[in-house]
Amino acid sequence: MRILVQRVCSASVTVDGQVVGAIRPQRQGLLAFVGVTHGDDDGKARRLAEKLWNLRILSDERSAADVDAPILVVSQFTLYADTAKGRRPSWNAAAPGAVAEPLVTALAEALRGLGAHVETGVFGAHMQVELVNDGPVTVILEL
């Protein structure tokens, strides 16, 4: 499991013209793009949720847990693109939807269990993601 985290001052996910998840403007939060690979499990999702919740990348080296910052979780299988050969990425390292979807959901639920305010995109949907990266700060989390 791999999470690309961006510190944002606003972000939203739109599907079919409807905003399905958002971090409101002028409220610092985290946008978490989540990729799942073969062999990932619920335990890894829980550990990454704890790491994300406590990651000190907000203002004044605080975490989302410290300031109750919102987290927007968006599934993104393209985080496991293999571009080593040719011009067309391979997606072989990305877990299939039947495996990935429950783990992205488990990560979001683990964050909620820790007390996080979590919104999500729609798994497998074509999404438009808008964000204002604050800093810019972008970090990759992996276990």
Side-chain angles (χ1 to χ4, degrees), residues 1-84 88-143:
M1 190 170 274
R2 184 175 288 163
I3 304 175
L4 182 107
V5 184
Q6 295 189 324
R7 182 176 76 186
V8 298
C9 48
S10 67
S12 66
V13 178
T14 302
V15 176
D16 295 330
Q18 296 277 62
V19 174
V20 296
I23 294 173
R24 301 292 171 224
Q26 306 309 315
R27 173 105 197 262
Q28 199 173 58
L30 300 175
L31 173 56
F33 293 104
V34 180
V36 178
T37 192
H38 309 281
D40 285 342
D41 58 24
D42 284 342
K44 189 174 277 191
R46 283 191 305 276
R47 289 191 309 276
L48 276 171
E50 289 175 19
K51 189 165 187 76
L52 176 60
W53 182 233
N54 292 296
L55 188 65
R56 296 186 172 281
I57 62 171
L58 296 176
S59 296
D60 300 323
E61 295 185 6
R62 293 179 294 178
S63 68
D66 293 333
V67 297
D68 195 29
I71 301 174
L72 178 56
V73 174
V74 178
S75 63
Q76 189 162 353
F77 75 94
T78 61
L79 289 176
Y80 279 101
D82 180 354
T83 59
R88 182 175 296 147
S90 166
W91 312 113
N92 291 337
V99 173
E101 184 174 13
L103 292 176
V104 173
T105 299
L107 177 99
E109 289 303 317
L111 284 165
R112 288 183 182 109
L114 293 167
H117 172 75
V118 178
E119 296 204 25
T120 64
V122 177
F123 189 91
H126 183 87
M127 296 178 270
Q128 289 79 47
V129 180
E130 293 185 41
L131 65 117
V132 177
N133 191 314
D134 186 24
V137 174
T138 302
V139 176
I140 296 174
L141 297 180
E142 267 184 303
L143 293 179

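Quick note: numbers below take in every heavy atom, side chains included, and nothing from hydrogens, waters or symmetry partners. Bear in mind that the values here come from a model prediction, so they are computed numbers and not experimental data.
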Which side-chain N or O atoms in residues 67-76 pair as donor and acceptor under 3.5 Å with protein atoms at least two apart or in another chain?
unit_1, atom_1, unit_2, atom_2, d
Q76, NE2, T78, OG1, 2.9

Gap between atom CG of D134 and atom CZ of R7 - 0.5 Å precision: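 That separation rounds to 4.5 Å.
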
Would you say the side chain of V5 lies within less than 4.5 Å of the side chain of L52, judging by non-hydrogen atoms? yes

Under 4.5 Å between any side-chain heavy atoms of V34 and L107, yes or no? yes

Holding to salt bridge (charged side-chain N to carboxylate O under 4.0 Å, His left out), I want the full list of residues that pass it with D16, two or more places apart in sequence or in another chain. none

Please test W91 against Y80 for ring-ring contact (aromatic ring centres under 6.0 Å, His included), starting from the C-alpha separation and ending with a verdict. CA-CA 6 Å; W91 312 113; Y80 279 101; over 10 Å; no

Are R56 and E61 ion-paired here, with the side-chain N under 4.0 Å from a carboxylate O? no

Check this for me, if you would: do E109 and R112 make a salt bridge, where the nitrogen-to-carboxylate-oxygen distance has to be below 4.0 angstrom?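 Judged by the 4.0 Å cut-off on N to carboxylate O distance, E109 and R112 do form a salt bridge.
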
Will you find, in the side chains of S63 and D66, an N or O donor that is under 3.5 Å from an N or O acceptor?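 D66 and S63 do have a side-chain donor-acceptor pair below 3.5 Å.
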
Considering residues, nucleotides and ligands other than Q128, do more than 12 of their heavy atoms fall under 6.0 Å from its CD? yes

Result of checking L141, L103, L111 against L48 for side-chain contact (heavy atoms from CB on, under 4.5 Å):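 That would be L141.
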
Could you check Q18 against T14 for side chain to side chain contact (heavy atoms under 4.5 Å, CB included), going step by step and ending with a plain yes or no? CA-CA 5 Å; Q18 296 277 62; T14 302; 5.5 Å; no

